[in-house]
Asks: 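Okay, here's the structure, questions in a sec.
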Protein chains: 2
Amino acid sequence: MFKALADPTRRTILDELTERNGQTLFEICARLTTKHGLGSSRQAISQHLAVLESAGLVRTRRQGRYKFHDLTTEPLEQIVARWLKPDAPETGK
Amino acid sequence: MFKALADPTRRTILDELTERNGQTLFEICARLTTKHGLGSSRQAISQHLAVLESAGLVRTRRQGRYKFHDLTTEPLEQIVARWLKPDAPETGK
DNA sequence: TTGATAGGCAAGTTGTCACTTGCCTATAGT
DNA sequence: ACTATAGGCAAGTGACAACTTGCCTATCAA
């Protein structure tokens with residue numbers, strides 16, 4: 001999961017999904033190209049999404065020929081728990 | 001900084017510094033070997049510490065021939081701010 | 001001043017990661 | 001049935017990252 005965060009393109013994908021959740025691969029491709037000025041190919045993004053998914057940062061649901069990608073921030077809280085939380089044991093929901 | 005977190009050894013170093021702050025290179029080497037069962041060489045650890053330092057996750061202070069390493073968690077809060085915080089816009093200091 | 005301790009520098013090697021290329025499968029529309 | 005759209009699989013390539021190796025500098029004690 002930390003390795004998943006190591007790549008700038010993947011972090012931008014997370015940003016995109018933060019802004020608009022449940023996008024398809026092609027949507028993400030388009031928005032990365034236009035809004036973020038990234039010239040990544042479809043396959044590249046596809047592989048990035050696979051990494052993010054196996055890191056538990058993205059969850060997918062299929063619907064017909066579309067595959068929607070949803071952000072999952074829970075793994076990120078591990079970071080907080082591991083190095084940050086000891087200082088502030090409660091940020092109560 | 002995300003790339004700094006991508007390496008397991010570096011994360012273990014952060015764990016070590018979380019547990020006991022202000023260690024020297026040799027201390028860290030010793031404790032990684034004994035407590036964590038890592039067989040990393042001094043140079044390897046040294047390079048890892050350099051990465052962590054340039055990522056802003058570790059700060060160093062020299063004193064004589066010793067160089068102490070202190071953990072700095074502030075950069076980690078970027079992560080919270082970037083993907084987690086939107087839910088809880090204020091954790092006011 | 002000499003030896004030992006704490007750390008630094010730099011080149012070389014190996015493995016892994018991001019990306020491409022080329023082709024294939026599946027759903028939807030006409 | 002046929003074509004376009006949405007996505008998948010897998011081998012190959014280039015670059016970078018982790019680690020080693022070998023030597024060097026600086027501080028402290030005797």
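Letters A, B, ... are given to chains in the order of the sequence lines, protein chains preceding strands, and every chain is numbered from 1. All values derive from a computational prediction rather than experimental measurement.
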Asks: Determine whether A:L57 and A:T72 make a side-chain contact, defined as any pair of heavy atoms from C-beta on separated by less than 4.5 Å.
Replies: no
Asks: Starting at atom CG of B:L49, determine the distance to atom C1' of C:dG8, rounded to an integer number of angstrom.
Replies: 13 Å
Asks: Kindly give the cluster partners of A:F68, where membership spreads through any ILVMFWY side chain lying under 4.5 Å from a current member.
Replies: A:Y66
Asks: Do A:I79 and A:F2 come within less than 4.5 Å of each other through their side chains, counting heavy atoms only?
Replies: yes
Asks: So, is B:K67 close to the D:dT27 phosphate, meaning a side-chain N or O under 4.0 Å from OP1 or OP2?
Replies: no
Asks: Scan nucleotides 23-30 of chain C nucleotide by nucleotide, 5' to 3', and note B when protein non-hydrogen atoms come under 4.0 Å of the base, S if they reach only the sugar-phosphate, - if neither.
Replies: ----BS--
Asks: Expressed as a whole number of angstroms, how long is the span from B:L52:CG to D:dA18:C1'?
Replies: 13 Å
Asks: Rounded to whole angstrom units, what separation is found between the CZ atom of A:F2 and the C1' atom of D:dA17?
Replies: 18 Å
Asks: Ignoring hydrogens and angles, write down the donor-acceptor pairs under 3.5 Å from the side chains of residues 43-53 of chain A, residues two or more places apart or on other chains.
Replies:
{"unit_1": "A:H48", "atom_1": "ND1", "unit_2": "A:R10", "atom_2": "NH1", "d": "3.1"}
{"unit_1": "A:E53", "atom_1": "OE2", "unit_2": "A:T60", "atom_2": "OG1", "d": "2.9"}

Asks: Of all residues at least two apart in sequence or in a different chain, which pass the side-chain contact (heavy atoms from CB on, under 4.5 Å) check with B:A30?
Replies: none
Asks: Measure from CG on A:D7 to C1' on D:dA17 and round the result to the nearest Å.
Replies: 14 Å
Asks: Is there a side-chain contact between B:K3 and the phosphate of D:dA17, meaning an N or O under 4.0 Å from OP1 or OP2?
Replies: yes
Asks: How close or far is atom P of D:dA18 from atom CZ of B:R11, stated in whole angstroms?
Replies: 11 Å
Asks: With sequence neighbours excluded, what pairs up with B:D70 under the side chain to side chain donor-acceptor pair (under 3.5 Å) test?
Replies: B:R61
Asks: What pairs with B:R59 under salt bridge (charged side-chain N to carboxylate O under 4.0 Å, His left out), at least two apart in sequence or on another chain?
Replies: B:E74
Asks: Choosing from D:dA18, D:dA10, D:dG8, which nucleotide comes nearest the side chain of A:Q47?
Replies: D:dA10
Asks: Quick one: list whatever passes side-chain contact (heavy atoms from CB on, under 4.5 Å) with A:A6, sequence neighbours left out.
Replies: B:K3, B:A6
Asks: List for me each residue that meets side chain to side chain donor-acceptor pair (under 3.5 Å) alongside B:S41, sequence neighbours excluded, and say none if there are none.
Replies: none
Asks: Which pairs with one or both residues in residues 19-41 of chain B pass salt bridge (charged side-chain N to carboxylate O under 4.0 Å, His left out), sequence neighbours excluded?
Replies: B:E16-B:R31, B:E16-B:K35, B:E19-B:R31, B:E19-B:K35, B:R20-B:E27
Asks: Which pairs with one or both residues in residues 39-52 of chain B pass salt bridge (charged side-chain N to carboxylate O under 4.0 Å, His left out), sequence neighbours excluded?
Replies: none
Asks: Over how many whole Å does the gap from A:I13 atom CD1 to C:dA18 atom P extend?
Replies: 11 Å
Asks: Using C1' atoms of five pairs at each end, report the bend of the helix from C:dT1-D:dA30 to C:dT30-D:dA1 rounded to 10 degrees.
Replies: 30°
Asks: Does a side-chain N or O of B:R10 approach OP1 or OP2 of D:dA18 to a distance below 4.0 Å, or not?
Replies: yes
Asks: Under a 4.0 Å heavy-atom cut-off, which of residues 23-41 of chain B touch DNA chain D?
Replies: B:S41
Asks: May I have the distance from B:I45 (atom CD1) to C:dG8 (atom P), rounded to whole angstrom?
Replies: 13 Å
